[in-house]
Amino acid sequence: MLDARDLSKVYGRGKQRFEAVKQVSLTLHQGEVLAFLGPNGAGKTTTIKMIAGLVRPTQGRVAVVGEDPHRQPRALRHIGAVLEGNRNLYWRLTPEENLEYFGVLRQVPRKVAHRRGLELLARFGLEEKRHTPVQKLSRGMQQKVAIAVALIHNPKLLLLDEPTLGLDVEASEMVKALVRQIAQEGRAVLLTTHQLDVAEELSDRVAIIRRGRIIAEQSTESLLKEFSSSTYHLEVEGDLSPQQIHTVTQLGATVQGTQITYAGTPENLYGLLGALSPVPLVSVQRDRADLTQVFLKLVKDQPDTSL
Amino acid sequence: MIDLLHAELKRTWIQFIRYPTEVISGIVIILAVFYGLFTSAQYIAGPGFAFGDRLDSVVLGYAMWTLIISVNNDIAINLQIEAETGTLEQVFLSPYGAPRVFLARAFASLALRLLILIVVLLLLMGLSGSRLAFPPILLLPLASLLMAGYGLAFLLGAGALVFKRVQQILGIFQFLLLFLLAAPLEESMGLIQYLRFLLPMLPSTGLLRDLMARSLGLDWFTYGLALLNGIVYFALGLFVFRWAEATAKQRGSLSGY
Ligand SMILES: Nc1ncnc2c1ncn2[C@@H]1O[C@H](COP(=O)(O)OP(=O)(O)OP(=O)(O)O)[C@@H](O)[C@H]1O
Ligand SMILES: [Mg+2]
């Protein structure tokens with residue numbers, strides 16, 4: 001779907017020269033969600049715009065379904081984008097009018113654009129607002145309309161730059177659900193966000209960028225695993241007998257009332273479980289890093305190679 | 001391409017009509033100017049005498065002036081506003097490519113302004129009992145005039161893309177346009193007689209004066225040159241616009257200012 005190779009971007013010249021993105025490569029497959037994370041000013045938006053053909057890379061190339069949006073405007077038929085900031089729509093037009101207009105702008109025949117627009121409005125739960133100018137919609141609704149507009153031409157790749165920025169909890173949940181559906185339809189989604197819980201929930205893979213350079217890229221699952229310790233937390237119902245506490249402690253676990261912490265191998269866990277029998281178990285949980293911890297660790301720990 | 005034109009017409013129309021106060025104030029201004037022309041043509045300075053001092057000619061002069069200014073303003077100012085608000089990048093995501101989209105926009109804007117103008121003129125003709133008459137052959141030099149006008153619109157659009165702030169340029173442009181429409185350089189002698197073919201629109205406005213004020217026929221050779229002038233400025237406008245697009249993408253400055 002998307003194959004971006006060695007993208008670099010230098011802004012300005014001479015003293016003002018600034019290398020915002022360095023040698024960034026990203027690939028995305030059908031139905032995959034890639035979360036593109038990084039601190040402010042890391043180069044996420046610049047990269048997204050290079051992929052969309054809006055910022056010309058200093059080096060490197062982009063292929064979307066095999067076509068380069070910088071050379072062939074036709075390639076833009078495969079790309080839908082909701083860019084950072086709150087204005088991707090004409091505020092004087094209603095959602096329905098925006099959808100039809102942008103549909104035609106993306107080379108969808110007018111009648112088809114109109115029909116698809118109505119379908120999308122229905123799907124996004126915006127039917128009763130279809131005749132209200134976008135200006136008068138809530139921020140969450142505007143964002144939904146912007147996503148609908150980005151899908152009007154049935155693109156294979158969807159670029160979302162901070163899609164949940166400024167949304168309340170409920171609206172964020174809605175947008176998350178939509179992104180999931182969109183990926184299930186077989187589209188590739190590249191999204192940036194500073195809300196790492198959103199990224200953790202949605203993404204199949206994460207790429208972390210810092211000062212223009214990718215410092216980690218792998219599947220979300222394996223990244224989290226890598227950073228998770230092998231500590232287990234167990235909870236039992238009722239008190240353990242002194243005999244049990246003794247055995248358990250000997251196996252290397254610590255007991256605090258009904259809470260047991262164990263940092264041994266997964267195999268030895270079963271010995272521990274045996275020793276607890278027959279006291280009922282409430283939960284067994286492995287310590288799991290969340291993306292926020294991973295992100296902070298990666299972004300802080302990396303030696304500064306850029307200077 | 002037809003769909004695109006239709007979509008731009010519709011968008012332009014909806015954005016125009018959604019806020020009735022703007023519509024009304026816009027129409028009132030045009031109405032006032034042309035009412036002045038109808039009642040006392042000789043007292044209004046400006047491009048009124050561009051094509052002679054008959055009512056038809058005075059009206060034509062003003063009409064061309066307001067049309068070209070408003071189309072140029074529409075293109076350049078809207079580009080600037082959309083860059084600030086953020087819709088511009090969505091427009092540049094069109095597989096049609098920006099020049100075609102903005103060409104469609106220029107047509108839509110012309111259609112809207114022309115419509116308003118025609119409505120106003122019909123109204124005034126009804127009120128005053130005066131009749132305007134234009135020989136159909138006028139359409140030929142008008143076409144070459146508009147082509148050069150579109151070229152200028154693209155030049156200003158390019159300025160808006162690269163420099164962002166275009167209000168001042170647009171102010172100066174109104175006077176430049178006055179000169180291009182009203183200066184009777186075709187009456188001059190010597191070098192200027194030839195140089196005038198190099199300036200935008202001048203050969204076409206000269207022909208319009210021939211037809212309207214001097215009751216001459218259309219000189220086909222001169223018209224060929226006027227048409228060439230229109231085509232060259234149109235092409236130049238498109239070329240510079242493409243350059244501006246590439247520059248803005250290079251600087252990463254399509255949005256913001
Ligand atoms: N048009 C431009 N001209 C010059 N410098 C720019 C331009 N656009 C971005 N930059 C710089 O490039 C760097 C990367 O910016 P970018 O917007 O890509 O970051 P980002 O990762 O999207 O940040 P954020 O999380 O704040 O949105 C920043 O230091 C920014 O100042
Ligand atoms: Mg950004």
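Naming convention: chains lettered A, B, ... in sequence-line order (proteins, then strands); numbering from 1 in each chain.
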Within-4.5 Å side-chain heavy-atom neighbours: A/Leu118 and A/His114: yes
Backbone N/O of A/Gln23 and side chain of A/Asp6: donor-acceptor pair under 3.5 Å: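 Not a single qualifying donor-acceptor pair exists.
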Chain A contact via B/Leu93 - side chain, backbone, both or neither, heavy atoms under 4.5 Å: both
Under 4.5 Å from a heavy atom of chain A, the part of B/Arg251 involved: backbone
Contact leader toward chain A among B/Gly86, B/Ala7, B/Pro95, where contacts are heavy-atom pairs under 4.5 Å: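 It is B/Pro95.
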Heavy-atom pairs under 4.5 Å with chain A, option from B/Glu82, B/Gln250, B/Gln90, B/Glu8 with the top count: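 When all of B/Glu82, B/Gln250, B/Gln90, B/Glu8 are compared, B/Gln90 has the most.
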Interface residue of largest heavy-atom contact number with chain B, from A/Met50, A/His153, A/Lys9, A/His70, under 4.5 Å: A/Lys9
Gap separating the CG atom of A/Leu7 from the CZ atom of A/Arg5, nearest 0.5 angstrom: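 The CZ atom of A/Arg5 is 9.5 Å from CG of A/Leu7, to the nearest 0.5 Å.
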Ring geometry between B/Trp65 and B/Tyr62 (parallel below 30°, tilted from 30 to 60°, perpendicular above 60°):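 Correct class here is perpendicular.
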Parallel, tilted or perpendicular: rings of B/Phe92 and B/Phe241 (30°, 60°):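 Ring orientation of B/Phe241 relative to B/Phe92: parallel.
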Qualifying residues under salt bridge (charged side-chain N to carboxylate O under 4.0 Å, His left out), relative to A/Lys156, sequence neighbours excluded: none
Neighbourhood of chain B inside residues 54-67 of chain A, taking heavy atoms under 4.5 Å as contact: A/Leu54, A/Val55, A/Arg56
Could you tell me which portion of [X] (side chain, backbone, both or neither) has an atom closer than 4.5 angstrom to a non-hydrogen atom of chain B?
X	result
A/Gln72	neither
A/Pro69	neither
A/Tyr90	both

Pair A/Glu119 + A/Arg115: basic N to acidic O under 4.0 Å: yes
Electrostatic pair A/Arg139-A/Asp168, nearest N-O below 4.0 angstrom: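 A/Asp168 and A/Arg139: not salt-bridged.
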Neighbour count >12 (heavy atoms, 6.0 Å) for atom CZ, A/Arg71: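 No, the 6.0 Å shell around CZ holds no more than 12 heavy atoms from other groups.
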